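For reference, the structure is listed below as structure tokens.
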2 protein chains.
Amino acid sequence: MHFEFSPIAARDDDIERAAKALKAMSHPLRLKILCGLGENEASVQDIVEYVGTSQSNISQHLGILRDKDILASRKEANRVYYRIGDPRIMHLISSMQEVFCSSD
Amino acid sequence: MHFEFSPIAARDDDIERAAKALKAMSHPLRLKILCGLGENEASVQDIVEYVGTSQSNISQHLGILRDKDILASRKEANRVYYRIGDPRIMHLISSMQEVFCSSD
DNA sequence: TTGGAAAATTAGAGTATGTTAATATGCTGT
DNA sequence: ACAGCATATTAACATACTCTAATTTTCCAA
């Protein structure tokens, strides 16, 4: 093996963690939720309107993001507000925007 | 709707493209290949040894990454060499390393 | 041109994901 | 306690993924 592996190497646990997070983010609706949220928070209803699908569907997607600690939630009266919980995830989303969004 | 959506807004096509790319990268073996490659290139055999699974399995994962234009390939004699084709993808992988890898 | 290494393809089975529709839970105001 | 809105959960079905094992293709060397 004459070449150099792992110039950007990573431990296998890091790989696993990253892959799980990416997988959770790699659904169009979930990614839209994350990009739409940005630094703000929004209620489930707000998100339903923004994304444009059923309440049940959104709730399930939010559950996935919450379970993976990508979103944090806060209950206020009748409503539940979601926000991006981890600043590192926020950073990653910004990077993805730089890579994939043409808006300069 | 009293809050601000889309501080990091993105067009739906951008979201779709990004989600597809993320999905392709969000498998542990594929992510390991990408992180292992970095700026270098490697033959299929090298990758098989590095990742540690069957040739068939690696070839299928490489095919997925190639189809999504995440990897480019080059044939030399008997072997096929793969590398990260898109500098933007390279940038994204670096960002992910910053976010997920503890190595400082 | 034949043998063998390197890589790709195919088929099949098992598992996971995503959607819809229906139902349940929880909270608020009265 | 009750009515009604907001959110979560469940079940069922369809689709997509992933792995293994077997086979095929491609290329080089003798």
Side-chain angles (χ1 to χ4, degrees), chain A residues 1-3 5 12 15-16 18-34 36-37 41-83 85, chain B residues 1-3 5 12 15-16 18-34 36-37 41-83 85:
Chain A
M1 207 190 317
H2 63 289
F3 73 99
F5 248 128
D12 277 5
I15 298 274
E16 289 287 340
K20 275 178 187 151
L22 286 189
K23 189 174 173 189
M25 296 193 285
S26 71
H27 185 286
L29 295 192
R30 294 200 287 270
L31 191 54
K32 184 167 181 174
I33 290 170
L34 294 171
L37 278 175
E41 67 174 11
S43 71
V44 176
Q45 249 195 121
D46 292 331
I47 296 170
V48 166
E49 288 170 23
Y50 175 67
V51 172
T53 179
S54 72
Q55 180 271 320
S56 168
N57 195 11
I58 287 294
S59 182
Q60 288 177 74
H61 284 302
L62 290 173
I64 289 168
L65 291 169
R66 187 173 11 86
D67 289 348
K68 302 277 164 56
D69 291 317
I70 290 171
L71 288 184
S73 65
R74 174 178 74 83
K75 206 168 208 167
E76 185 179 306
N78 229 357
R79 318 209 162 167
V80 179
Y81 291 89
Y82 283 88
R83 66 185 176 289
Chain B
M1 206 188 322
H2 61 290
F3 73 98
F5 250 129
D12 278 3
I15 298 275
E16 289 286 340
K20 276 179 187 151
L22 287 189
K23 188 173 175 190
M25 296 193 285
S26 71
H27 185 286
L29 295 192
R30 294 199 287 270
L31 191 54
K32 183 166 183 176
I33 290 170
L34 294 172
L37 277 176
E41 68 175 10
S43 71
V44 176
Q45 249 194 119
D46 291 330
I47 296 170
V48 166
E49 288 170 22
Y50 175 68
V51 172
T53 179
S54 70
Q55 179 270 321
S56 168
N57 196 11
I58 288 294
S59 183
Q60 288 176 76
H61 284 302
L62 290 173
I64 290 168
L65 292 169
R66 187 172 12 86
D67 289 349
K68 303 278 165 54
D69 290 317
I70 291 171
L71 288 184
S73 65
R74 172 178 75 83
K75 208 167 208 168
E76 184 180 306
N78 227 358
R79 318 209 160 168
V80 178
Y81 291 89
Y82 283 87
R83 66 189 131 50

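Residue numbering restarts at 1 for every chain, and letters A, B, ... go by the order of the sequence lines. Keep in mind the model is a prediction, meaning the values are calculated, not measured.
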From CG of B:L22 across to P of C:dT17 the rounded distance in Å is 16 Å
Respond yes when some side-chain nitrogen or oxygen of A:Q55 is under 4.0 Å from OP1 or OP2 of D:dT7, and no when none is. no
Taken to the nearest 0.5 Å, the spacing of B:E41 CD from B:L71 CG works out to 11.5 Å
Look up atom OG1 in B:T53 and atom CG in B:L29, then write down how far apart they are to the nearest 0.5 Å. 6.0 Å
From the candidates D:dC27, C:dA7, D:dA6, the one with an atom nearest any side-chain atom of B:R79 is C:dA7
Taking 4.0 Å as the cut-off, does a side-chain nitrogen or oxygen of A:R30 come that near to OP1 or OP2 on C:dG18? yes
Within the pair A:H27 and D:dA16, is there a side-chain N or O less than 4.0 Å away from OP1 or OP2? no
Rounded to the nearest 0.5 Å, what separation is found between the CE atom of A:M25 and the NZ atom of A:K20? 14.0 Å
Let me confirm one number: the CG-CG distance from A:L37 to A:D46, rounded to the nearest 0.5 Å. 9.5 Å
The side chain of A:K75 is closest to which nucleotide in this list: D:dC28, C:dA8, C:dC27? C:dC27
From CZ of B:R74 over to P of C:dA7, roughly how many Å is that when rounded to an integer? 12 Å
Nearest to the side chain of B:N57 - C:dT19, C:dC27, D:dC19? D:dC19
Please list residues of residues 60-73 of chain B whose heavy atoms come under 4.0 Å from any atom in DNA chain D, ordered by number; otherwise none. B:Q60, B:H61
Could you measure the distance from the NZ atom of A:K23 to the NE2 atom of B:H27? Nearest 0.5 Å is fine. 8.0 Å
Where B:A24 and B:I70 come nearest, the two heavy atoms and their spacing: CB-CD1, 3.6 Å
If each of B:S56 and A:S56 is mapped to the nucleotide of DNA chain C with the nearest heavy atom, which maps nearer the 5' terminus, i.e. the 5' end? B:S56
Roughly, in whole Å, what's the span from OH in B:Y81 to C1' in D:dC27? 13 Å
Between NZ of A:K32 and P of C:dG18 the distance, given in whole Å, is 17 Å
Whole-Å distance, A:Q45 CD to D:dA8 P, equals 12 Å
For the side chain of A:N78, counting heavy atoms from C-beta on, which of C:dA7, C:dG26, C:dT19 is nearest? C:dG26
With a 4.0 Å cutoff (strictly under), does any side-chain N or O of A:K23 reach OP1 or OP2 of C:dA16? no
Short question: side chain of B:R30, backbone of B:L65 - any donor-acceptor pair under 3.5 Å? no
Would you say a side-chain N or O of B:Y82 is under 4.0 Å from OP1 or OP2 of C:dA8? yes
Taking B:S54's backbone N and O only, do any of them form a donor-acceptor pair with B:N57's side chain (distance below 3.5 Å, no angle check)? no
Measure distances between side-chain N and O atoms of A:S54 and base N and O atoms of C:dT19, and say whether any donor-acceptor pair falls under 3.5 Å. no
How many whole angstroms separate atom CD1 of B:I47 from atom P of C:dA6? 14 Å
Nearest whole angstrom, please: distance from the P of D:dA6 to the CG of A:D46. 11 Å
